[in-house]
Amino acid sequence: MKLGDVSGLFINLDRSTDRRAKMEDALARFGLDKVGRFSALQGDDRKRGITRNELGCFLSHQAITESIGDDRHFLILEDDIRFPEAFGDYAGHALAGCEQEDWDVLFLTQMISFTDVKSIYTLLRQRRQVGDIRSPSFTRFATHDCKNIFASCTAAYIIRAGSAGKVASILRKMAEHDYPCAVDIAHMRAINAGLLKARYVFPYLVGLDPGVRTTLTDRRDEGNHQLFVDIANLFAAGGDLDSLRLDAFDALHNRPFDAETFVASQILYRRMLR
């Protein structure tokens with residue numbers, strides 16, 4: 001699969017003109033000429049179990065999924081992703097053999113819970129096995145099963161040819177039950193229930209822009225958004241480890257020292273080195 005041959009859409013609010021310009025510049029730079037813009041839908045007052053902004057996000061992904069045919073792969077992006085400088089080379093290596101694998105959805109990035117020590121440990125081990133994921137010449141991409149590790153994120157994913165109907169059906173069922181969860185949680189539940197076959201590229205093919213505030217400002221865990229972004233970017237190819245390191249040092253020095261929390265973090269640190 002060549003990503004430049006894949007049609008797609010990026011979701012963007014009409015008022016977010018800066019994000020639109022940034023995305024269109026990146027898409028042109030990396031030859032993703034078949035990826036257009038989708039004007040993000042707004043949430044409303046219909047009966048729902050999620051916030052208004054989460055509903056808008058859900059409706060946008062659902063509308064795109066319902067509109068695409070089953071005859072082609074389709075790329076869906078959100079406008080807060082960050083393309084690494086070596087994205088063009090990375091994409092060629094990351095997607096070269098993925099069509100031989102069994103998946104309905106292929107995530108180019110994902111979020112795991114920063115409280116899920118087992119998943120973090122799994123990804124750290126994967127990172128150690130493949131070498132320096134931040135090198136521009138990195139080539140050792142692989143895909144892995146999302147089941148029981150994917151927590152959230154619909155920032156960048158490919159729906160396989162023949163699978164759009166399956167994904168649309170899952171989202172349609174959520175709509176029929178008054179949107180009990182956000183779109184990424186609907187994906188997660190379907191994956192863990194075996195209703196959706198999903199894999200993620202590792203290291204992640206794109207990162208998340210830490211300088212962009214989430215549009216889901218009314219989400220219940222919005223206060224933890226930056227932590228989710230940081231844990232995603234830790235495992236992104238071509239990512240900026242220095243910035244993440246500085247953020248970690250700032251967090252240590254800019255808050256009152258808590259001995260128990262520090263000791264607990266060091267216990268986890270020693271375990272994750274194994």
Could you tell me whether the side chains of Ser243 and Asp240 share a donor-acceptor contact shorter than 3.5 Å?
yes
Run His187 and Val167 through side-chain contact (heavy atoms from CB on, under 4.5 Å) and show every step you take.
CA-CA 8 Å; His187 287 159; Val167 179; 4.2 Å; yes
Looking at Ile185, is its backbone amide N or carbonyl O close enough to the side chain of Ser152 to form a donor-acceptor pair, meaning the two atoms are under 3.5 Å apart?
no
Apply side-chain contact (heavy atoms from CB on, under 4.5 Å) to Met174 and Phe58, showing your working.
CA-CA 10 Å; Met174 293 296 103; Phe58 193 112; 3.6 Å; yes
Can you see which heavy atom on Phe138 is nearest to which on Val130, and at what distance?
CE1-O, 3.4 Å
To the nearest 0.5 angstrom, please state how far the NZ atom of Lys197 sits from the CZ atom of Arg160.
9.5 Å
Aromatic ring proximity Phe150/Phe107, centre distance under 6.0 Å
yes
Do Leu123 and Tyr204 pass the side-chain contact (heavy atoms from CB on, under 4.5 Å) test, and can you show the C-alpha distance, the side-chain angles, and the key distance before you say yes or no?
CA-CA 11 Å; Leu123 295 183; Tyr204 307 150; 3.3 Å; yes
Give a yes or no on whether a salt bridge exists between Arg19 and Asp209, defined as a side-chain N under 4.0 angstrom from a carboxylate O.
no
Before giving the answer on salt bridge (charged side-chain N to carboxylate O under 4.0 Å, His left out), spell out for Asp44 and Arg46 the whole-Å C-alpha distance, their side-chain angles and the decisive distance to 0.1 Å.
CA-CA 6 Å; Asp44 52 33; Arg46 75 186 70 186; 2.8 Å; yes
I need the single residue from Tyr179, Tyr157, Phe38 that forms a ring-ring contact (aromatic ring centres under 6.0 Å, His included) with His61. Which is it?
Tyr157
Roughly how far, to the nearest 0.5 Å, is the CG atom of Leu55 from the CG atom of Leu41?
9.0 Å
Is there a side-chain contact between Val105 and Ile191 in this structure, where contact means two heavy atoms from C-beta onward sitting under 4.5 Å apart?
no
With no hydrogens and no angle check, just 3.5 Å: does a side-chain donor-acceptor pair link Asp14 and Ser39?
yes
Are Met23 and Asn12 close enough that some pair of their side-chain heavy atoms sits under 4.5 Å apart?
no
Which value, rounded to the nearest 0.5 Å, describes the distance between Met1 atom CE and Gln100 atom CD?
9.5 Å
Taking C-beta and beyond as the side chain, do Leu77 and Val206 meet within less than 4.5 Å on heavy atoms?
no
Does the distance from a Lys or Arg side-chain N to an Asp or Glu carboxylate O, for Asp45 and Arg52, drop under 4.0 Å?
yes
Less than 4.5 Å apart, side chain to side chain, heavy atoms only: is that true for Phe10 and Ile81?
no
With rounding to the nearest 0.5 Å, note down the distance linking CG in Asp89 to OG in Ser137.
9.5 Å
Please report the interatomic distance CG(Leu205) to NE2(His93), rounded to the nearest 0.5 Å.
11.5 Å
Distance check, rounded to the nearest 0.5 Å: Cys57 atom SG versus Asp184 atom CG?
7.0 Å
Applying side-chain hydrogen bond (donor to acceptor under 3.5 Å, both in side chains) to Arg125 and not counting sequence neighbours gives none
